[in-house]
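All remarks here apply to the structure that follows.
Residue indices begin at 1 and follow the sequence shown. Model, not experiment: these values are computed from the prediction.
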Amino acid sequence: MLALHARQLARHSANHRVPELIDRHPDNRDFLAAIVSLADQLTTKAEPDDHSWLHGQIGNILARHGKLHEDLLPLSTRQSP
């Protein structure tokens with residue numbers, strides 16, 4: 001597991017980079033590519049056991065910024081009609 005300090009740094013990084021990515025990538029496809037890149041950067045530094053936690057944190061941050069839309073979710077997590 002990531003130490004508490006490492007988790008705080010990862011969350012802090014995502015918190016500050018998401019608004020910047022939103023401004024730089026107004027197109028959802030470009031934004032999604034940028035978010036995937038950010039998630040890859042953060043998870044590369046983390047233990048495998050922490051990947052789900054980091055992805056959850058990124059999801060929470062995206063939701064706070066109104067960017068957690070159905071069309072941005074992977075197919076495996078979408079609700080069926």
Please identify each residue that fulfils side chain to side chain contact (heavy atoms under 4.5 Å, CB included) with H51, with sequence neighbours left out. T43, A46, H55
Please list, chain by chain and in numerical order, all residues satisfying side chain to side chain contact (heavy atoms under 4.5 Å, CB included) with D27, sequence neighbours excluded. R29, D30
How long is the span from the [atom1] atom in [X] to the [atom2] atom in [Y], to the nearest 0.5 Å?
{"X": "N28", "Y": "I22", "atom1": "CG", "atom2": "CD1", "value": "10.0 Å"}
{"X": "K45", "Y": "D50", "atom1": "NZ", "atom2": "CG", "value": "14.0 Å"}
{"X": "L54", "Y": "D49", "atom1": "CG", "atom2": "CG", "value": "11.5 Å"}

Do the side chains of Q57 and N60 get nearer than 4.5 Å, heavy atoms only? yes
Test side chain to side chain contact (heavy atoms under 4.5 Å, CB included) applied to E20 and H16, step by step: CA-CA 7 Å; E20 172 189 322; H16 289 287; over 6 Å; no
Take V18 and K67, measure what side chain to side chain contact (heavy atoms under 4.5 Å, CB included) needs, and give me the verdict at the end. CA-CA 10 Å; V18 167; K67 285 296 205 176; 5.8 Å; no
Can you give me the closest heavy-atom contact between L62 and F31, atom names plus distance? CD2-CZ, 3.6 Å
Keeping S37 on the side-chain end and A33 on the backbone end, is there a donor-acceptor pair under 3.5 Å? no
